[in-house]
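All figures in this text were calculated on a predicted structure; none of them were measured in a lab.
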Amino acid sequence: MNAPGDHLHQRMGLEILEASAERVVGRMPVKGNTQPHGLLHGGASCVLAETLGSTGAALHAGPGRIAVGIEINATHHRSATSGHVTAVATRVHGGRTLATYVIEITDDEGRAVCTARLTCMLRDAR
């Protein structure tokens, strides 16, 4: 059993603000999620993107099924050095075995920081 705060998204301070199978919105602080030069770590953006996309895919899959990320790609447009980044994951495909989301991450000024795409495999829980 996992202890509270024992999941990566919790340690990174990620908050889910809205969640449905079609759209998931979340945010994460830049502080604590930077690389040595003080810029938001690209991997942190990927964690944010995969968390939101996987949440949407799990909601799409429904009870008794799980979503497992099988592919993610990310384009980093600009750096963020303070405040929060906010992400919106929008479903672009929702089938029986696959779900794909595009995730747009922006800074506090609404400027594009990263655009990612996540595909999840949907399967029955064991």
Side-chain angles (χ1 to χ4, degrees):
M1 178 184 240
N2 294 317
D6 197 31
H7 299 282
L8 179 59
H9 73 276
Q10 293 168 315
R11 288 192 301 256
M12 295 179 72
L14 195 152
E15 304 172 76
I16 294 178
L17 306 173
E18 171 189 329
S20 71
E22 295 79 25
R23 174 182 151 102
V24 182
V25 179
R27 72 183 211 143
M28 177 180 71
V30 173
K31 184 177 181 180
N33 294 311
T34 58
Q35 39 95 312
H37 303 291
L39 307 174
L40 178 65
H41 195 291
S45 293
C46 289
V47 169
L48 177 57
E50 185 152 355
T51 300
L52 298 188
S54 293
T55 298
L59 291 169
H60 170 75
R65 303 198 76 212
I66 63 170
V68 180
I70 59 171
E71 180 185 24
I72 188 168
N73 71 43
T75 300
H76 305 286
H77 307 294
R78 73 172 349 105
S79 61
T81 58
S82 64
H84 286 79
V85 288
T86 300
V88 177
T90 305
R91 186 178 65 199
V92 294
H93 172 76
R96 189 180 64 76
T97 59
L98 292 176
T100 301
Y101 288 76
V102 169
I103 304 95
E104 297 175 327
I105 302 174
T106 57
D107 63 14
D108 286 333
E109 286 75 43
R111 298 176 299 188
V113 171
C114 176
T115 302
R117 186 187 73 234
L118 173 72
T119 298
C120 291
M121 177 178 62
L122 310 176
R123 62 184 191 104
D124 294 335
R126 292 184 183 203

So, for [X] and [Y], which heavy atoms are closest and what is the spacing to 0.1 Å?
{"X": "Met12", "Y": "Asn33", "answer": "O-ND2, 3.0 Å"}
{"X": "Ala99", "Y": "Ala57", "answer": "CB-CB, 4.0 Å"}
{"X": "Ala80", "Y": "Val85", "answer": "CB-CG1, 4.1 Å"}

Discussion item. Rounded at 0.5 Å granularity, tell me how far CZ in Arg78 sits from CD1 in Ile105.
Written reply: 14.0 Å
Practice prompt. Measure the spacing between CZ of Arg96 and NE2 of His60 and express it to the nearest 0.5 Å.
Written response: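 That separation rounds to 10.5 Å.
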Worksheet item: Are Tyr101 and Leu59 in one and the same hydrophobic cluster, where Ile, Leu, Val, Met, Phe, Trp and Tyr link if side-chain heavy atoms are under 4.5 Å apart?
Response: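 Each belongs to a different hydrophobic cluster.
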Fill in: Set of salt bridge (Lys or Arg N to Asp or Glu O under 4.0 Å) partners for Arg111, sequence neighbours left out
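Result, salt bridge (Lys or Arg N to Asp or Glu O under 4.0 Å) vs Arg111: Asp107, Glu109.
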Worksheet item: Counting only N and O atoms by type, is there a donor-acceptor contact under 3.5 Å from the side chain of Arg117 to the main-chain atoms of Ile103?
Response: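 No, because the side chain of Arg117 does not come within donor-acceptor range (under 3.5 Å) of the backbone of Ile103.
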Name the atoms and distances for all side-chain donor-acceptor pairs under 3.5 Å in residues 40-52, with sequence neighbours left out.
from, atom 1, to, atom 2, distance (Å)
His41, ND1, Gly43, N, 2.8
Thr51, OG1, Val47, O, 2.7

Could you go through residues 14-25 and list every donor-acceptor pair under 3.5 Å that involves a side-chain atom there, pairing it with any protein atom two or more places apart or in another chain?
from, atom 1, to, atom 2, distance (Å)
Glu15, OE2, Arg27, NE, 3.2
Glu18, OE2, Arg23, NE, 2.9
Ser20, OG, Glu22, N, 3.3
Ser20, OG, Glu22, OE1, 3.4
Ser20, OG, Arg23, N, 3.1
Ser20, OG, Arg23, O, 3.2

Just distance, no hydrogens or angles: give the donor-acceptor pairs under 3.5 Å from side chains in residues 119-126, sequence neighbours left out.
from, atom 1, to, atom 2, distance (Å)
Thr119, OG1, Thr100, OG1, 3.1
Asp124, OD1, Arg65, NE, 3.2

Could you give the side-chain donor-acceptor pairs of residues 68-77 under 3.5 Å, partners two or more places apart or in another chain?
from, atom 1, to, atom 2, distance (Å)
His77, NE2, Thr115, N, 3.4
His77, NE2, Thr115, OG1, 2.8

Worksheet entry | Hydrophobic cluster partners of Leu39 (side-chain heavy atoms under 4.5 Å) | none
